[in-house]
Novice: 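Just passing along the structure, written as structure tokens.
A, B, ... follow the sequence lines: proteins, then strands. Residue 1 opens every chain.
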Amino acid sequence: MGQDLNNFFEKFLKKQNMFKDKKVLQSAHLPNEILHRDDQINQIAQILAPALRLERPSNVFIYGKTGTGKTLSIKHTSQQLLDVAKTRNIPLKIVYVNCKLKKIADTEYRLIAELARFFGKAIPPTGLPTDEVYNIFFRELDREKKVVILVLDEIDQLVKKAGDQIIYNLTRINSDLKQAELCLVGISNDLAFANNLDPRVKSSLSEEELVFPPYNALQIQDILQGRAIQAFSDGVLEQGVIQKCAAYAAREHGDIRRALELLRVAGELAERKGLSAITLAELDEAQEKIEKDRFVDVVFTQPKQFQAVLYSIIMMEKDSAFFTGDVYDIYKKICQKANLRPLTQRRVSDVIAELDMLGIINARVISKGRYGRTREIGLSLPTEIEPKIKQILEESLLLT
DNA sequence: CGAGATTCATGTGAAGTATACCTTTAGGCTTAA
DNA sequence: AAGCCTAAAGGTATACTTCACATGAATCTCGTA
């Protein structure tokens, strides 16, 4: 046994390393140079530049679909700004918060708590009055003369869950600040988002607006090429892989993040198979794997009750259309088997709505006329991974 | 036949409850003078 | 007497429940052509 393993590791080491620097392909990576976003970056820079003179920059609202470089551009510009500020000793702070993260910044309390933590204050997850946390945050903010740029990524998620009051408060905070200046940068994937906003909030948040258009296939190709050179060892990419990868991504509304992930996963697959080069076959395989992993991951991290509801929905799936009541009946049985205390139908209704938001299921409210009003529910998992998801749920819920 | 009333199943909002966690306060014990 | 620890009291956020009302088109009803 040991002998075998030894052998395996030896072989592993001898094999040519496919990746030179895998980090370059990971979504957290900040490249030195951002291609095809010069306009946007320059605009951001222009808007935020007054911060260096300790003037409050205009609030900015940034739109664009996923994977169009919004977050990247902001982070890049922030970094540069901070560098300059540092060498000149300018008191500038930039806080970046992703509002999508559940349990981090999806309510007013949690968002403000997170901000206060950025200033080095320990805030408990519950127990304090929101006002109190707000005051702590405010005091820290106003402690000294400085400019703070607050970047709220995926702000639409926050507003959807917690309302626009928070944003309103934040935009108004400046009139109370004596020393510091606060500038808001909101980032949204949802182009229609601003329309549902209170007009006052909207106008104060979007003193400046910026739109990130999707990349086209050529641009994606260009970017991939650049990253691939850094990420992979020479000659491991077969002809046409980049092109195909770009084509895939362009079809998916120009999402560069996906394209990079695709390339990375394809590389990993090829490496695991012991191939010397990445071929188109791995690319296709990667495409599936990513899709699969995404769902598996989301499902896996859901709370038990959500999983139970989802499991009930999967059990229903065979016949075409079904409704909240049907799901709830099954759900109650599942709970019994899984030794869970069943939630009320009221709550399950909300859970279904949330699962819908996560994109795991499709649910829409319909009226069946004489036969009442309900949600029509359908699974939106790719059928190939349905058994896998089912299995995960069974394990997680201890069903056998 | 068609306009309006009815009806059903559950959506949805508001208010209440349980839980987990926080700070403050008061008491009790220890310690140092 | 001052200091320190502990436990109770009083408070909050969040997830969930309870209650009550809202919804909206298929179906029913009934007056009219």
Novice: For DNA chain C, which residues in residues 324-335 of chain A have a heavy atom at a distance below 4.0 Å?
Specialist: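 Hits under 4.0 Å, by residue number: none.
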
Novice: Counting only N and O atoms by type, is there a donor-acceptor contact under 3.5 Å from the side chain of Asp326(A) to the main-chain atoms of Phe323(A)?
Specialist: yes

Novice: Between Glu268(A) and Arg264(A), is there a salt bridge with N-O shorter than 4.0 Å?
Specialist: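 Result for this pair is yes, salt bridge flagged.
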
Novice: Would you indicate, yes or no, if dA13(C) has its OP1 or OP2 atom less than 4.0 angstrom from a side-chain nitrogen or oxygen of Thr107(A)?
Specialist: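 The answer is no; no side-chain N or O of Thr107(A) sits under 4.0 Å from OP1 or OP2.
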
Novice: Measure from the side-chain heavy atoms of Ser349(A) and tell me the nearest of dT17(C), dA15(C), dT12(B).
Specialist: dT12(B)

Novice: It should be established whether Ser367(A) places a side-chain nitrogen or oxygen under 4.0 Å from OP1 or OP2 of nucleotide dA25(C).
Specialist: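 No, because none of the side-chain N or O atoms of Ser367(A) sits under 4.0 Å from OP1 or OP2 of dA25(C).
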
Novice: May I have the distance from Gln305(A) (atom CD) to dA18(B) (atom P), rounded to whole angstrom?
Specialist: 18 Å

Novice: Let me spell it out: for each of Lys368(A) and Pro125(A), pick the nucleotide of DNA chain C with the closest heavy atom. Which residue's pick is nearer the 5' end?
Specialist: Pro125(A)

Novice: At their closest point, which heavy atom of Ile278(A) faces which heavy atom of Val241(A), and how far apart are they?
Specialist: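 Taking Ile278(A) first and Val241(A) second, the nearest heavy atoms are O-CG2, 3.5 Å.
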
Novice: What nucleotide, of dT14(C), dT12(B), dT17(C), holds the atom closest to the side chain of Arg375(A)?
Specialist: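 Ranking dT14(C), dT12(B), dT17(C) by closest atom to the Arg375(A) side chain puts dT12(B) first.
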
Novice: Which of these, Lys93(A), Lys121(A), Lys146(A), sits in a salt bridge (Lys or Arg N to Asp or Glu O under 4.0 Å) with Glu140(A)?
Specialist: Lys121(A)

Novice: Measure from the ring center of Phe232(A) to the ring center of Phe19(A) and say whether it is less than 6.0 Å.
Specialist: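 Close enough - the centres of the two rings lie under 6.0 Å apart.
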
Novice: Take atom CG of Asp356(A) and atom C1' of dT10(B), then tell me their distance rounded to the nearest Å.
Specialist: 16 Å

Novice: In whole angstrom, what separates Phe323(A)'s CZ from dT10(B)'s P?
Specialist: 9 Å

Novice: Using atom CD1 of Ile352(A) as one end and atom C1' of dT10(B) as the other, report the distance to the nearest whole Å.
Specialist: 11 Å

Novice: At under 4.0 Å between heavy atoms, what does Thr374(A) touch on the DNA or RNA strands: base, sugar-phosphate, or nothing?
Specialist: sugar-phosphate

Novice: Would you please confirm or rule out a distance under 4.0 Å between OP1 or OP2 of dA20(B) and any side-chain N or O of Thr126(A)?
Specialist: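 For dA20(B), OP1/OP2 do not have a side-chain N/O of Thr126(A) under 4.0 Å.
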
Novice: Can you tell me if the side-chain N/O atoms of Thr130(A) get under 4.0 Å from OP1 or OP2 in dT12(C)?
Specialist: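 No, no such contact exists.
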
Novice: Under 3.5 Å, is there any donor-acceptor pair linking the side chain of Arg373(A) to the base of dT23(C)?
Specialist: yes

Novice: Any N or O donor-acceptor pair under 3.5 Å from the base of dG24(C) to the side chain of Arg370(A)?
Specialist: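 No.
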
Novice: Which sits closer to the 5' end of DNA chain C, Glu108(A) or Gly127(A), going by the nucleotide each is nearest to?
Specialist: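 Between the two, 5'-proximity favours Gly127(A).
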
Novice: In whole Å, what is the span from the CZ atom of Arg346(A) to the C1' atom of dA20(C)?
Specialist: 12 Å

Novice: State plainly whether the residues Asp198(A) and Lys202(A) are in salt-bridge range, i.e. N to O under 4.0 Å.
Specialist: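 Here Asp198(A) does not pair with Lys202(A) in a salt bridge, since their nearest N and O are not under 4.0 Å apart.
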
Novice: Can Lys178(A) and Asp142(A) be counted as an ion pair, charged N to O under 4.0 angstrom?
Specialist: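 No.
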
Novice: Is there a donor-acceptor contact under 3.5 Å from the side chain of Tyr134(A) to the main chain of Pro129(A)?
Specialist: no

Novice: Please give, in whole Å, the distance from dT14(C) C1' to Leu128(A) CG?
Specialist: 14 Å

Novice: Starting at atom OH of Tyr371(A), determine the distance to atom C1' of dC28(C), rounded to an integer number of angstrom.
Specialist: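 That distance rounds to 11 Å.
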
Novice: Mind checking Pro303(A) for me? I need base, sugar-phosphate or nothing, with any heavy atom below 4.0 Å counting as a touch.
Specialist: nothing

Novice: Map Ala353(A) and Pro124(A) onto DNA chain B by nearest heavy atom, then report which one ends up closer to the 5' terminus.
Specialist: Ala353(A)

Novice: Tell me whether the side-chain N/O atoms of Arg347(A) come closer than 4.0 Å to OP1 or OP2 in dT10(B).
Specialist: no

Novice: What is the distance, rounded to the nearest whole Å, between atom CD1 of Ile136(A) and atom P of dA13(C)?
Specialist: 13 Å

